[in-house]
2 protein chains.
Amino acid sequence: MELHQLRYFCAVADTGSFSRAAEQSHVAQPSLSQQILKLEDELGARLFDRLGRSVRLTDLGKTLLPRARTVLRELEEAKGEVIERKDSAGGSVTVGVIPTVAPYFLPPVLASFTKKFPQARLTVVEEITPILLERLRAGTIDVAILALPIRGHEFEAWPFLTEPLFAAIPKRHALAKRRVLALRDLRKEPFLVLRDGHCFRDTLVAACDRARLKPKIIFESGQFSSLLSLVGADMGVSIVPEMAVKENTSCRYIRIGDEEATRTIGAVVLRGRSLSRAHRGFLALVRQEESGRRPTAAA
Amino acid sequence: MELHQLRYFCAVADTGSFSRAAEQSHVAQPSLSQQILKLEDELGARLFDRLGRSVRLTDLGKTLLPRARTVLRELEEAKGEVIERKDSAGGSVTVGVIPTVAPYFLPPVLASFTKKFPQARLTVVEEITPILLERLRAGTIDVAILALPIRGHEFEAWPFLTEPLFAAIPKRHALAKRRVLALRDLRKEPFLVLRDGHCFRDTLVAACDRARLKPKIIFESGQFSSLLSLVGADMGVSIVPEMAVKENTSCRYIRIGDEEATRTIGAVVLRGRSLSRAHRGFLALVRQEESGRRPTAAA
DNA sequence: TACGATGAATAGGTACAGCCTATGGAACTT
DNA sequence: AAGTTCCATAGGCTGTACCTATTCATCGTA
């Protein structure tokens, strides 16, 4: 039972003749005859009565015909749907973002994406890096926006923004007038940092290690805004990425001058995953969007 | 887009692995891989994401999967239905019968057929011979019961009953005491015969021709019962086949002794037509039924 | 009745498609 | 680093769907 047999069968039913069916199907008449014979063999019954001049469906042929047509039609529909979807800008895009990026990064990207891909359904998930990577592996998110670098070559990463770090210092602090600081300048200060699990905490710790600094941590939180309001209340100092600057105006933000005191944000996908037009559109967008924004952010 | 490609595709989707799918499909893994690649090629898009270890459906694959399953399922159903129907005793049987046979022949045959093939739908059509032959050609009836012989070798005929002819004569007629008559004995009598178009009229005319008899026709009707009641009213004589004997008890029925003064009833089908079990069952039944009845009829 | 025309089945040969085994390359495990 | 476990590729083989040529049967016509 093969598809071309069904096609030939329908053609004979339509034309009432093996010869005309063969012509219509662009095969020689004996080839078509053979295939019909083969189909009848497999079913164990004649599908056509070969009367001298004409050919007519048997009762069995009459039962098969609508079903054969259905099968062929649905096959075409399936193929058509796949091909149509392939080229469409629709579909769903699920993006995962780390918490220390989400509030600053998302609004403009979401706006321009939904504007550019109105047919696509965009979902955003906020999780810490290891969860995002796991979900990339599991396929429950399509793209992750997080701090690079990451380990594991099953991922493909596209860095698009490297931002400097800033010290957040109480307005009246002795160092508050400086234009730039070294991390070691803060070695005596009490630190307010993100909770363990947030990758920016690791970024900070790594930077401190390089500066041979062992920060005295007196407070931990899950978000910058909490840290900064406590800094504003003179509880200590904090380190934040540029994105979080101006979050709280009762702090002074001073650029950290150390080498490598930066954070790099990138888009990550699972290597080998095929990406829809909407997926690729989203990736193109974040890269362009953030590149375009960099001068502003650097100002 | 071939059926085995869809089968392979579903197998991979089910097992999550090309190797296991190949094993399950009883082909080598490279063969299956090739077919999947070919399918993806034709659709112009990947259906699976080949991640290092596992294989996962893409969005496009997810849209194709249910449709592929539908196609395969419906194909199986179609095949199953045809094969089931082929062996079933159901289906419809449409039988055509000439008017001069119908009322005598049908009742017992219908009864035993519906008893033996309760699932079959039997339809009976009463028409004169040329109409029946035309309908056999057109396929609107499956079997015709009529008087043989017929012309045209596009038909296949099975005679199953040859019955003698009887003269129907008024009770008080001079010939009413005879045990047997020759047609020529009736040469002076007024004849009551069937209307033109009824094949039994032709049978009668042919018999008269052979007897060098030119009957004086004073009445024509479409059914024997009308003729016989007028014979009973002393209007003249008539010739009827054995089947119609005893239709009217106010006549005497006397066997016609002439050579070939008989009528042969047979079943006719279109040569080359495939016959279902119900069709064959009906044919077997009429032959057996009437053979079994012959002694009775001859008594 | 014989004849050519039409249409399906059969015969014989060919080419390609799908299958195989062997191998390569990548990812994961030990 | 070696061994496993995947899928993809390479190269060769076979079956089968296709072709042309022919036969067979029926039908219309000279």
Side-chain angles (χ1 to χ4, degrees), chain A residues 1-9 11-42 46-58 61 133-134 136-137 151-156 270-274, chain B residues 1-9 11-42 46-58 61 133-134 136-137 151-156 270-274:
Chain A
M1 197 108 163
E2 293 301 324
L3 287 177
H4 62 268
Q5 292 172 347
L6 292 188
R7 281 190 251 275
Y8 295 167
F9 167 71
V12 175
D14 287 339
T15 62
S17 148
F18 281 57
S19 310
R20 281 193 295 279
E23 192 178 353
Q24 179 183 301
S25 306
H26 306 292
V27 291
Q29 168 264 314
S31 308
L32 185 139
S33 280
Q34 280 178 352
Q35 292 306 310
I36 296 288
L37 264 295
K38 197 166 182 182
L39 181 58
E40 289 177 326
D41 247 34
E42 179 179 352
R46 297 247 119 171
L47 296 170
F48 295 103
D49 281 330
R50 283 79 160 169
L51 312 168
R53 180 66 60 176
S54 67
V55 164
R56 195 185 300 147
L57 280 171
T58 62
L133 297 181
E134 187 44 52
L136 277 178
R137 276 191 213 96
R151 292 195 305 175
H153 43 296
E154 72 256 49
F155 300 111
E156 199 158 1
L270 193 59
R271 187 183 301 277
R273 264 213 47 168
S274 76
Chain B
M1 197 108 164
E2 292 301 325
L3 288 177
H4 61 267
Q5 293 172 347
L6 292 186
R7 290 199 190 92
Y8 295 167
F9 167 69
V12 174
D14 287 341
T15 61
S17 148
F18 281 57
S19 310
R20 280 193 295 280
E23 190 178 353
Q24 180 183 298
S25 306
H26 306 292
V27 292
Q29 169 263 314
S31 308
L32 184 139
S33 280
Q34 281 179 352
Q35 292 306 310
I36 296 289
L37 287 184
K38 199 164 180 182
L39 182 57
E40 290 177 326
D41 248 31
E42 181 178 352
R46 298 247 119 171
L47 297 170
F48 295 102
D49 281 330
R50 282 80 160 168
L51 312 169
R53 179 64 59 175
S54 67
V55 163
R56 193 185 300 144
L57 280 171
T58 62
L133 296 181
E134 188 44 51
L136 277 178
R137 275 190 214 98
R151 292 194 305 173
H153 44 295
E154 72 258 49
F155 299 112
E156 199 158 0
L270 193 58
R271 186 181 301 276
R273 264 214 47 169
S274 76

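Naming: A, B, ... by sequence-line order, numbering from 1 per chain.
- The CD atom of Gln35(A) sits 3.5 Å away from the NE2 atom of His4(A) when rounded to the nearest 0.5 Å.
- Smallest separation of non-hydrogen atoms from Ala11(B) and Ser25(B): CB-OG, 3.7 Å.
- Distance CZ (Arg56(B)) to P (dC6(D)): 16 Å, rounded to an integer number of Å.
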Please list each protein N or O that sits under 3.5 Å from an N or O in nucleotides 1-7 of chain C, with the distance.
{"unit_1": "dT6(C)", "atom_1": "O3'", "unit_2": "Arg53(A)", "atom_2": "NH1", "d": "3.4"}

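- Between Gln5(B) atom CD and dC19(C) atom P there is a gap of 9 Å when expressed in whole angstrom units.
- Aromatic ring pairs are classed by plane angle as parallel below 30°, tilted from 30° to 60° and perpendicular above 60°; the pair Phe9(B) and Phe48(B) is tilted.
- The separation between Arg137(A) atom CZ and dA27(C) atom P is 14 Å, rounded to whole Å.
- Checking dA9(C), dG18(C), dC18(D) against every side-chain atom of Val27(A), the shortest atom distance belongs to dC18(D).
- Atoms CD (Glu2(B)) and P (dA17(D)) sit 10 Å apart, rounded to a whole Å.
- Atom CZ in Arg7(A) sits roughly 16 Å away from atom C1' in dC18(D) (whole-Å rounding).
- If you measure from atom CZ of Arg271(B) to atom P of dT26(D), you get 8 Å, rounded to the nearest angstrom.
- Rounded to a whole Å, the CG atom of Leu37(A) is 15 Å from the C1' atom of dT16(D).
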When you compare the protein's N or O atoms with those of nucleotides 12-14 of chain D, which come within less than 3.5 Å of each other, and at what distance?
none

Review item, nucleotides 21-25 of chain C N/O atoms under 3.5 Å of protein N/O:
none

Worked verdict on Leu39(B) versus Glu2(B) for side-chain contact (heavy atoms from CB on, under 4.5 Å): CA-CA 8 Å; Leu39(B) 182 57; Glu2(B) 292 301 325; over 6 Å; no
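- Remark: Glu154(A) pairs with Arg137(A), Leu270(A) by the side chain to side chain contact (heavy atoms under 4.5 Å, CB included) rule, at least two apart or across chains.
- Using a 4.0 Å heavy-atom criterion, one finds that Tyr8(B) contacts the sugar-phosphate atoms exclusively.
- One interatomic measurement links the two molecules: CG of Asp41(A) to P of dT16(D), which rounds to 13 Å at whole-angstrom precision.
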Test log, rule side-chain contact (heavy atoms from CB on, under 4.5 Å), inputs Arg20(B) and Asp14(B):
CA-CA 9 Å; Arg20(B) 280 193 295 280; Asp14(B) 287 341; over 6 Å; no
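- Between the side chain of Thr58(A) and the backbone N or O of Arg46(A), at least one donor-acceptor pair lies under 3.5 Å.
- Under the salt bridge (charged side-chain N to carboxylate O under 4.0 Å, His left out) criterion, Arg271(B) pairs with no residue at all, not counting sequence neighbours.
- If you check every strand for non-hydrogen atoms under 4.0 Å, Leu51(B) touches nothing.
- With sequence neighbours left out, the side-chain hydrogen bond (donor to acceptor under 3.5 Å, both in side chains) criterion links Ser33(A) to Gln29(A).
- OP1 or OP2 of dC6(D) has not a single side-chain nitrogen or oxygen of Arg50(B) nearer than 4.0 Å.
- Each of Glu154(A) and Gln35(B) lies near DNA chain C, and the nucleotide nearest Gln35(B) is the one positioned closer to the 5' end.
- Taking a cutoff of 4.0 Å between a charged side-chain nitrogen and a carboxylate oxygen, Asp49(A) and Arg56(A) do not qualify as a salt bridge.
- The two residues Val27(A) and Ser31(A) make their nearest non-hydrogen contact at CB-CB, 4.4 Å.
- Between Gln24(A) and Thr15(A), the closest heavy-atom pair is OE1-CG2, 3.3 Å.
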